[in-house]
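Within every chain, numbering begins at 1; the chains are lettered A, B, ... in the order of the sequence lines, protein sequences first and strands thereafter.
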There are 2 protein chains.
Amino acid sequence: MSVTVLDVARAAGVSASTVSRVLNGTTPVHAAKRRRVLQAVRHLGYEPNGLARSLKQRKSLTLGLVVPDITNPFFAEIAKGVETASHRLGYSLILCNSGNAVERERRYLEVLRERRVDGLVFVPAGRHGDALRAWAARGLPVVLMDRVVAGVASDAVTTDNRFGMKLVVRHLVRLGHRTIGFIGGPRGVSSADERWVGFLEGLREAGLAPESRLMVRGDFTFETGLRAAPALSAAARGRLTAIVASSDVMALGAMRAVHQRGGRVPETVSIAGFDDIAAASLVQPPLTTVAQPVREIGERAVELLVGRVAGERTRPSFVRLKPRLVVRHSTGPAPASGARR
Amino acid sequence: MSVTVLDVARAAGVSASTVSRVLNGTTPVHAAKRRRVLQAVRHLGYEPNGLARSLKQRKSLTLGLVVPDITNPFFAEIAKGVETASHRLGYSLILCNSGNAVERERRYLEVLRERRVDGLVFVPAGRHGDALRAWAARGLPVVLMDRVVAGVASDAVTTDNRFGMKLVVRHLVRLGHRTIGFIGGPRGVSSADERWVGFLEGLREAGLAPESRLMVRGDFTFETGLRAAPALSAAARGRLTAIVASSDVMALGAMRAVHQRGGRVPETVSIAGFDDIAAASLVQPPLTTVAQPVREIGERAVELLVGRVAGERTRPSFVRLKPRLVVRHSTGPAPASGARR
DNA sequence: CTGTTAGCGCATTCAC
DNA sequence: GTGAATGCGCTAACAG
């Protein structure tokens with residue numbers, strides 16, 4: 001069927017092993033033979049069979065990437081970083097979109113094991129982590145991104161979410177805001193939890209008392225923001241001058257809600273997000289947010305993973321990248337005081 | 001090292017082939033033995049080696065996905081559809097992000113051949129197509145999405161771009177617009193070319209004369225829209241009442257430019273896009289656009305591909321999906337007449 | 001129904 | 001330096 005090393009060997013008048021050596025540069029080969037081999041390769045249009053090589057060498061040069069939703073711009077950016085780094089280092093990447101479903105996630109890990117991927121770059125969907133623990137228990141390399149899972153001591157690349165969120169709160173406080181609503185992410189997702197804590201700490205730093213009725217949880221969707229903003233306004237009885245969302249998408253939803261009700265951003269209420277997705281700078285007004293080094297997250301994760309595949313480290317490394325505040329026009333000075341709807 | 005069929009066979013007191021038969025349901029096996037095999041599998045934590053299976057069966061159950069840019073929401077949606085369909089049909093998906101670079105694209109196709117993927121779902125970067133022709137020449141299945149490549153008679157799933165663009169023009173004409181600017185995509189990208197033609201046809205249908213100075217080409221980026229909108233306004237000397245962009249991202253750029261210069265959408269100028277990416281409904285005002293059945297494009301492409309892998313068809317099928325106009329608030333009645341900046 | 005045999009295509013011993 | 005032999009883990013004949 002397809003042309004094999006043996007075919008090349010025959011055409012070049014050498015043995016299969018010699019062909020292999022030439023192709024992989026494992027061992028020196030006489031220049032003359034080497035040339036004949038290369039020529040035969042070209043002549044026959046030989047293409048090595050990666051499957052056979054992987055089987056023999058017991059490594060597939062393939063990595064798995066599992067994300068909750070590739071259409072989420074944040075994960076798309078991460079995926080791009082992961083893809084770039086993988087191919088740069090000679091690995092192919094199998095894409096798995098878990099759709100935030102734990103069951104699908106479990107199935108994917110199974111498939112990836114069967115495919116004998118050399119490692120896994122992973123943004124876990126929920127808090128759970130059984131499937132992941134099972135994976136790690138087999139000694140298979142895995143690097144978590146964005147969030148960590150309780151009880152799994154694997155490599156991870158995350159953002160300093162607490163710090164990032166405090167940056168936002170400070171910014172708002174400096175602008176004179178005293179009553180700030182918060183739209184958080186799902187409980188149990190570590191990055192969301194950290195942002196929640198960062199928000200509380202930011203308030204405390206400023207001597208502000210948190211009000212639990214002004215803090216709601218969402219699921220990182222636009223709809224959450226859309227619904228939460230009016231709810232927060234109502235809960236604050238007109239005192240609210242700013243809203244911080246735990247993701248840009250939710251912030252965009254909040255902004256939309258404000259506009260729909262005839263409010264203006266930032267005049268009526270300031271709004272800030274987290275992530276700095278592309279859309280953040282494209283909306284009107286452009287969104288103040290916390291920029292995560294997304295590309296870098298993906299790239300560092302792969303580098304860590306490949307290092308571990310090569311057996312470099314033995315203890316898990318935990319990389320925390322610093323985010324930075326990006327001030328745009330969705331935040332402004334707090335209104336002098338008092339009632340507005 | 002890892003546990004193999006042979007280990008299972010020994011543990012169950014049967015031959016390796018029987019284990020294989022039980023696992024694959026190829027041939028009936030005595031209930032008792034079957035049970036013992038299954039038990040041994042569970043007991044030993046056996047996991048089939050997909051690499052070995054693929055080598056033997058000469059099919060990898062893997063597909064390649066090549067897109068220009070996974071962070072482009074349009075391609076991200078497509079990727080999601082492709083991923084879902086692939087895994088549903090039992091295939092894994094290798095993700096390749098060509099970054100719109102022909103050379104990277106070429107390298108990817110090479111890698112994918114070495115990996116012995118069973119087929120390729122492909123959004124080609126440019127007009128070229130040599131690498132693709134080489135691929136197809138080897139009889140390897142490929143399905144194009146969104147755009148086709150001249151001289152390559154492969155399966156393809158596309159949108160009826162001409163029709164879609166005419167829908168937009170009709171809509172605008174009905175609103176009273178007579179001087180409409182157009183921001184097109186790159187020449188040689190078939191989908192962009194079709195939209196260009198559709199725009200011209202739409203004008204003609206309405207008895208409007210195209211003005212070449214009111215039609216510019218871009219590269220589907222936000223920046224293109226940002227720059228093109230003012231340029232079109234200037235070229236029209238105040239007569240322009242509407243702008244149609246060949247993609248939502250460019251439309252968003254145009255909208256931003258209008259806002260930056262103090263204009264209002266749609267009062268000053270109506271703006272329409274193409275694709276209906278998520279952001280289109282989230283911006284202010286929500287964008288009138290042509291919705292492509294993105295998810296379906298991805299899914300149909302995979303189904304076509306898998307069908308071809310199975311050797312179902314022999315002639316290339318060319319699927320054209322109908323887009324639909326989504327009227328939102330970025331388009332409105334043309335102003336009574338005359339000058340505005 | 002089931003065991004035995006024989007590769008899939010390659011890289012790696014081990015001798016020379 | 002190089003060839004012959006071996007086996008990675010699996011499934012598909014081929015007999016029984």
Side-chain angles (χ1 to χ4, degrees), chain A residues 1-38 40-41 44-62 90 110-118 138, chain B residues 1-38 40-41 44-62 90 92 111-118 138:
Chain A
M1 196 100 283
S2 70
V3 17
T4 77
V5 270
L6 201 62
D7 299 321
V8 175
R10 276 197 279 261
V14 299
S15 77
S17 355
T18 298
V19 175
S20 171
R21 291 193 261 255
V22 169
L23 261 26
N24 299 305
T26 331
T27 298
V29 168
H30 259 317
K33 293 195 175 176
R34 152 184 224 79
R35 198 153 0 97
R36 266 158 46 213
V37 168
L38 260 17
V41 163
L44 299 177
Y46 169 75
E47 284 183 332
N49 184 326
L51 260 25
R53 177 186 317 180
S54 294
L55 179 60
K56 176 68 186 172
Q57 302 194 142
R58 303 160 141 271
K59 53 182 177 185
S60 60
L61 292 183
T62 304
E110 208 169 289
V111 170
L112 292 174
R113 277 199 305 261
E114 288 206 10
R115 302 269 154 169
R116 294 300 191 263
V117 296
D118 293 330
R138 295 177 186 250
Chain B
M1 194 100 284
S2 69
V3 17
T4 77
V5 270
L6 202 62
D7 298 322
V8 176
R10 276 196 279 263
V14 299
S15 76
S17 358
T18 298
V19 174
S20 170
R21 290 193 262 254
V22 169
L23 262 27
N24 300 304
T26 332
T27 298
V29 168
H30 257 317
K33 294 196 175 179
R34 151 185 224 78
R35 200 153 357 100
R36 272 169 28 221
V37 167
L38 260 17
V41 163
L44 299 177
Y46 168 77
E47 284 183 332
N49 184 326
L51 260 25
R53 177 185 314 175
S54 293
L55 179 59
K56 175 67 185 174
Q57 301 193 144
R58 307 160 137 271
K59 54 183 176 183
S60 60
L61 291 184
T62 304
S92 292
V111 170
L112 292 173
R113 277 198 305 259
E114 287 207 10
R115 302 269 154 169
R116 295 301 193 263
V117 295
D118 294 331
R138 294 176 186 252

Donor-acceptor pair under 3.5 Å, B/Ser17 side chain vs C/dT4 base
yes
Side chains of A/Arg116 and A/Ser54: closer than 4.5 Å at any heavy-atom pair?
no
Check the phosphate of C/dG3 against B/Thr18, side-chain N and O only, distance under 4.0 Å to OP1 or OP2. Yes or no?
yes
Walking DNA chain C from its 5' end, the first of A/Lys56 and B/His30 to be reached, judged by nearest nucleotide, is B/His30
Between B/Leu55 (CG) and D/dG9 (P), how many Å, whole number?
12 Å
Short side-chain N/O contact to C/dT12 OP1/OP2 from A/Gln57, under 4.0 Å
yes
OP1, OP2 of C/dA11 versus side-chain N and O of A/Asn24: anything below 4.0 Å?
yes
Pick the closest DNA chain C nucleotide for A/Val5 and for B/Ser15 by heavy atoms, then say which residue is nearer the 5' end.
B/Ser15
Check this one for me: any side-chain N or O of B/Thr4 less than 4.0 Å away from OP1 or OP2 of D/dG9?
no
Measure from CG on A/Leu6 to P on C/dG9 and round the result to the nearest Å.
10 Å
It should be established whether B/Lys33 places a side-chain nitrogen or oxygen under 4.0 Å from OP1 or OP2 of nucleotide C/dG3.
yes
Does any donor-acceptor pair link the side chain of A/Arg58 with the base of D/dG9 at a separation under 3.5 Å?
no
Which part of the nucleic acid, if any, lies within reach of A/Ser54 when heavy atoms closer than 4.0 Å are counted: base, sugar-phosphate only, or nothing?
nothing
Rounded to the Å, how far apart are A/Lys59 NZ and C/dA11 P?
12 Å
Does a side-chain N or O from A/Arg116 land closer than 4.0 Å to OP1 or OP2 of D/dC8, or not?
no
Sort out for me which residue in B/Asp7, B/Val8, B/Val3 forms a side-chain contact (heavy atoms from CB on, under 4.5 Å) with B/Val41.
B/Val8
